[in-house]
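Just the heavy atoms: all of them, side chains too, but no hydrogens, waters or symmetry mates, feed the values below. Convention: sequence-line order gives letters A, B, ...; per-chain numbering from 1.
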There are 2 protein chains.
Amino acid sequence: MTNFKAYLNHISLDCVIFGFHENQLKVLLLQMKYTKKWALPGGFVKKEESFEEAAERVLKERTGMDNIFLQQFHVFSDPKRSEMNPAVKDLEKSGSGEGLDWFSQRFISTGFYALVDFHKVDPAPDFFSDKCEWKALEEIDNLMMDHRQILDKALETLRLHLTYQPIGYNLLPKKFTMPELQKLYETILGKSLDRRNFQRKILSYKILNKLDERKKGGAYKAPYLYEFNLENYNKALKEGFSGSW
Amino acid sequence: MTNFKAYLNHISLDCVIFGFHENQLKVLLLQMKYTKKWALPGGFVKKEESFEEAAERVLKERTGMDNIFLQQFHVFSDPKRSEMNPAVKDLEKSGSGEGLDWFSQRFISTGFYALVDFHKVDPAPDFFSDKCEWKALEEIDNLMMDHRQILDKALETLRLHLTYQPIGYNLLPKKFTMPELQKLYETILGKSLDRRNFQRKILSYKILNKLDERKKGGAYKAPYLYEFNLENYNKALKEGFSGSW
DNA sequence: TCAAAAGTGTTTGGTTTACACCCATGA
DNA sequence: TCATGGGTGTAAACCAAACACTTTTGA
């Protein structure tokens, strides 16, 4: 990451990495070394790389994972967005003048959102950060540059996609319970849903297999476990479905 | 357009300009001077400009119009997409070596779609084209580079937006008939709809004002004219609505 | 006067919503 | 034994799909 010659000028990307844990939607964030501001994991695009490849590279570096569900959602091109780039300040403070020119330029950033299984992620900070952590949506605050705006747009997109695509496969572990799936939907949509109606509707899509197992360990009555029926799930993804929540 | 120093390297945008005429969805295309291939109107981004501003500039130059409904929909970043840029060939043939370096570089293009009132457009070719014409979707063929892919993605996006936004205001003249509006929806969706159910549904959104006038001149029974109720239309745009067609 | 397009209304079936009861579990 | 969460069912309200009849117009 010291040889910026390999990368395209002016071009960056930022990833909003969503995970689901303890009934909360969480986002993987980095804390910048000097300004202590929080940032979305981002990166640059090599001269012979597509944006999607670059995003996969960033995802791999920050999470250790391959084959992540990834979707571009918006380009952020306001010329003013680069003016407050704290990497510039970080570099000045650190004394390492290297890269100052690079980070002082205008960046046009393409936003990607990613959906991952929380438990499979091994968070790793990058060169400019000393922390890489999951943050629940409500805890998020004081993001650098326009990253709050990028996050909000990602959420909005996720919400839209939820109404015509069965999202969930990428965010949940292989086996999960109906209440867990419902909480996921409720978190993304920001509203609560009727337990019984939710179950009926999601089952009507035929994208789930009900297992004989139940989830043990929790308090109260043990809920059944489900898994996605990949065949039908992929069919539904392709065809789209006009469900509304 | 000869001083490329004012523009950001590697970065371009392409506009899919939709219009509606004679019951057909049409797209404004340019024909390249030498290769005779058809192309989407595109342009570059100035160093102090947002993409949206650049797109408005391109729209203004090609259509003569301001205040066009504009929406970015995807970034096309495959490194191979630039390999077949016919502008390079055009410049070679034309003998004017100027700009060859510029057009030989890799371009990452952001796609915008625009919705305009067909009758208000005054099509103007650009420096590299000698024709600027409306083409119905079925006539379109032999587009340069990946422009067919860009067009298809624009259509797909338009279709998606149609199901949660009342599109139409930007594509139709101020006064229009119900059959015209229906034809627009049918063209975008690529399927036919029941006349009576369509009318009931669209009226239920309360975004139209029925006028006392009827459209004269046509054969057969004269249909009523409608106009959009801007207040309710904008409300509906903001809130989104979960209609399905 | 008739074919084609437009205005309007009704029936039917499915989906969504709202709500109630019973079961299992750990405290 | 009871509070809490989970499994399952049903009636009512609403919406969408299918369909028919009448009116207007130019040829």
List the atom pairs, with distances to 0.1 Å, where a side-chain N or O of residues 180-189 of chain A and a protein N or O form a donor-acceptor pair under 3.5 Å, not counting sequence neighbours.
from	atom 1	to	atom 2	distance (Å)
E180(A)	OE1	T177(A)	N	2.9
E180(A)	OE2	K215(A)	NZ	2.8
Q182(A)	NE2	E186(A)	OE2	3.1
Q182(A)	NE2	L193(A)	O	2.9
Y185(A)	OH	I167(A)	O	3.2
E186(A)	OE2	L193(A)	N	2.7
T187(A)	OG1	K183(A)	O	2.5

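- Distance, N197(A) CG to dG7(D) P: 15 Å, rounded to whole Å.
- In terms of modelled atom types and a separation under 3.5 Å, the side chain of R62(B) and the main chain of P125(B) share a donor-acceptor contact.
- Partners of H74(A) by ring-ring contact (aromatic ring centres under 6.0 Å, His included), not counting sequence neighbours, listed by chain and number: F76(A).
- Across the protein-nucleic acid pair, Q182(A) atom CD and dG5(D) atom P stand 13 Å apart, rounded to whole Å.
- Regarding contacts with the backbone of dT15(C), every side-chain N or O of K201(A) stays at 4.0 angstrom or more from both OP1 and OP2.
- For the pair F198(B) CZ and dA5(C) C1', the interatomic distance rounds to 16 Å; values are reported in whole Å.
- The OH atom of Y205(A) sits 11 Å away from the C1' atom of dT16(C) (whole-angstrom rounding).
- Rounded to whole Å, the distance from CG on L225(B) to P on dA5(C) is 18 Å.
- In this entry the distance linking CD1 of I202(A) with P of dT17(C) reads 14 Å, nearest Å.
- Remark on DNA chain C: of its neighbouring residues D194(B) and P179(B), the 5'-side contact belongs to P179(B), judged by nearest-heavy-atom nucleotide.
- Looking only at distances, a side-chain donor or acceptor of H147(B) sits under 3.5 Å from a matching main-chain atom of L40(B).
- Side-chain N/O atoms of K210(B) include one lying less than 4.0 angstrom from OP1 or OP2 on dT8(C).
- Summarising the local packing, CZ of F176(A) is surrounded by more than 12 heavy atoms from other residues, nucleotides or ligands at distances under 6.0 Å.
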What does the list of N/O pairs under 3.5 Å between the protein and nucleotides 20-27 of chain D look like, with a distance for each?
from	atom 1	to	atom 2	distance (Å)
dA20(D)	N7	R196(B)	NH1	2.9
dA20(D)	N6	R196(B)	NE	3.4
dA20(D)	N6	R196(B)	NH1	2.6
dT23(D)	O2	K221(B)	NZ	3.2

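- One can place NZ of K183(A) at 11 Å from C1' of dG5(D), the figure rounded to the nearest angstrom.
- With respect to D130(B) and K33(B), no salt bridge is recorded, no charged nitrogen being found less than 4.0 Å from a carboxylate O.
- For the pair R200(B) CZ and dT11(C) C1', the interatomic distance rounds to 11 Å; values are reported in whole Å.
- Formation of a donor-acceptor pair under 3.5 Å by the K206(B) side chain with backbone atoms of L203(B) is not found in this model.
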